[in-house]
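Here, residue 1 is the first one in the sequence, and each next residue gets the next number. Computation of the quantities below employed the complete heavy-atom set of this structure, encompassing side-chain atoms and omitting hydrogens, waters and symmetry-equivalent molecules.
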Amino acid sequence: MDNSTDPEALVFAMYADTGHLKSLKQPMYLFLCNLFVNEIYGSTSLLPCLMSQILSDTHEISVFFCFAQIFNIHTYVAVEYGTLTILAYDRYVCICKPLHYNTLISRGKAQVVVLVIWVASFLEVGVLLSFSVRLRRCGTLINSVYCAHHLVVELSCSPDRTVSLVHDLVFGLVFSVAAPVTYIAYSYARILSVCLKASAETRVKAFDTCAPHLVSLISFVFACFYSLIAQRFNMSLVPYLGVVLSMYAIVIQPLQNPLIYGLKMSKVRRACKNLWTIKTSHLYVSGVVFL
């Protein structure tokens, strides 16, 4: 008689040798993970619709999906600025207050901050759209490849659309963009003041640490600034370039950041190399056994 019982759990063998990834469990890498997840979320809000519109003959979108796209894109931008802001604070503490880093930025605090960024962004954009969705629209033509809040509000013929535009300006521009960029500039001013008094080796290390964040920040601010200007002024003189630049923050930025951080940060590069080597060896051994 066989006394063996069926196992109640199964084991993933491919996760057995991932101990080298523990070095990526620091708060900074949690912020980077949040940055990349948000960029997947943001690009997903545009790319499926973009592909369907390219293949379609009518180029129409329902009002519901248009506002859904506005919600996704605006929350993506808000979370991106919030994450870039907390990354700037992380770099400031790491360079200017290294002995207090584990106290000021613990893993638990990082998780709370990430949650607050997402909740605040969803609430802010939700309140914004609660004003816009009730407006009566007289036009149907959007001069863009995706739905943007300002362009949709411009289609309205309601007399109370000013409230929506003011909310877009105050909360969308001031709190979501101007405030984070101002704090980031302040953080880098403090970092620069410390680096000027430090040794050449310390300055090189600080530059290597901050360079990916600075490149990501500058490109994203430029893309958002162009979108802000293009939606309010006639940019028909550069139609094709304008289309590419208008999608830069949603399409190019998510492709650019993993490459920048992956190539520049040695721990990320080393962990990916080790993981690729281990998985390749596992697959090779499994193939030999199977044969």
Checklist entry - How far apart are the C-alpha atoms of Q256 and S216, what are their side-chain angles, what is the distance that settles it, and do they pass the side chain to side chain donor-acceptor pair (under 3.5 Å) test? => result CA-CA 8 Å; Q256 164 191 286; S216 176; 5.1 Å; no

Next on the checklist: Checking E124 against T75 for the side chain to side chain donor-acceptor pair (under 3.5 Å) test, could you report, in this order, the C-alpha distance in whole Å, the side-chain angles of both residues, the deciding distance, and whether it holds?
Outcome noted: CA-CA 8 Å; E124 176 191 337; T75 51; over 6 Å; no

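Taking the six-membered ring where the residue is Trp, the centroids of Y81 and F220 are separated by under 6.0 Å. Checked against the 6.0 Å centroid criterion, the rings of Y186 and Y92 do not qualify as a close aromatic pair.
Across every non-hydrogen atom of P254 and P258, the tightest pair is O-CD, 3.0 Å. Between P27 and A110, the closest heavy-atom pair is CB-CB, 3.9 Å. Between C96 and I191 the shortest heavy-atom distance is SG-CA, 3.9 Å. In this structure, T44 and I40 approach most closely via the heavy-atom pair OG1-O, 2.5 Å. Heavy atoms only, all atoms of each residue included: S43 and P48 are closest at O-CD, 4.2 Å. Of all the heavy atoms in L255 and V251, the pair that sits closest is CG-O, 3.5 Å.
Counting only heavy atoms from C-beta outward, the side chains of V152 and F67 approach each other to under 4.5 Å. Contact annotation: the side chain of C94 never approaches that of I105 to less than 4.5 Å [non-hydrogen atoms, C-beta and beyond]. Residues L155 and L151 are not in side-chain contact: their nearest non-hydrogen atoms beyond the backbone lie 4.5 Å or more apart. Under the 4.5 Å side-chain criterion, counting only non-hydrogen atoms from C-beta, C49 is in contact with I61. Looking at heavy atoms from C-beta onward, C66 lies out of side-chain contact with Q69 at the 4.5 angstrom threshold. Between L35 and Y261 there is a side-chain heavy-atom pair separated by less than 4.5 Å. Considering only heavy atoms from C-beta on, Y29 stays 4.5 Å or farther from C33 through its side chain.
When the shell of 6.0 Å around NE2 of H100 is examined, it contains 12 or fewer heavy atoms from other residues, nucleotides or ligands.
Put simply, the side chain of S130 gets close to the backbone of V127: a donor and an acceptor are under 3.5 Å apart. A donor-acceptor contact shorter than 3.5 Å is absent between the side chain of K97 and the backbone of L104. A donor-acceptor contact shorter than 3.5 Å links the side chain of R203 to the backbone of A198. In terms of modelled atom types and a separation under 3.5 Å, the side chain of S144 and the main chain of C147 share no donor-acceptor contact. Side-chain atoms of Y76 come within 3.5 Å of backbone atoms of A249 as a donor-acceptor pair (strictly under, hydrogens ignored).
Put simply, NE2 on H59 and CG on L141 are 11.5 Å apart, with the number rounded to the nearest 0.5 Å. The structure places OH of Y248 at 11.0 Å from SG of C224, a figure rounded to the nearest 0.5 Å. Note that the NE2 atom of H149 and the CD1 atom of I73 stand 12.5 Å from one another [nearest 0.5 Å]. To the nearest 0.5 Å, the span separating CZ on F65 from CG on N72 amounts to 11.0 Å. A distance of 7.5 Å separates OH in Y146 from CG in L46, rounded to the nearest 0.5 Å. L196 CG to T202 OG1: the interatomic distance, rounded to the nearest 0.5 Å, is 12.0 Å.
With sequence neighbours excluded, no residue satisfies salt bridge (Lys or Arg N to Asp or Glu O under 4.0 Å) with E60.
Under a hydrophobic-cluster definition in which Ile, Leu, Val, Met, Phe, Trp and Tyr are linked whenever side-chain heavy atoms come within less than 4.5 Å, directly or via other members, F36 and V114 are assigned to the same cluster.
Between Y188 and H213, the ring planes are parallel. Angles under 30° get that label, and only those over 60° would be called perpendicular.
Applying the under-4.5 Å side-chain rule to Ile, Leu, Val, Met, Phe, Trp and Tyr, the cluster around I218 consists of that residue alone.
Just one residue in the list T83, N257, N34 forms a side-chain hydrogen bond (donor to acceptor under 3.5 Å, both in side chains) with E39, and that residue is N257.
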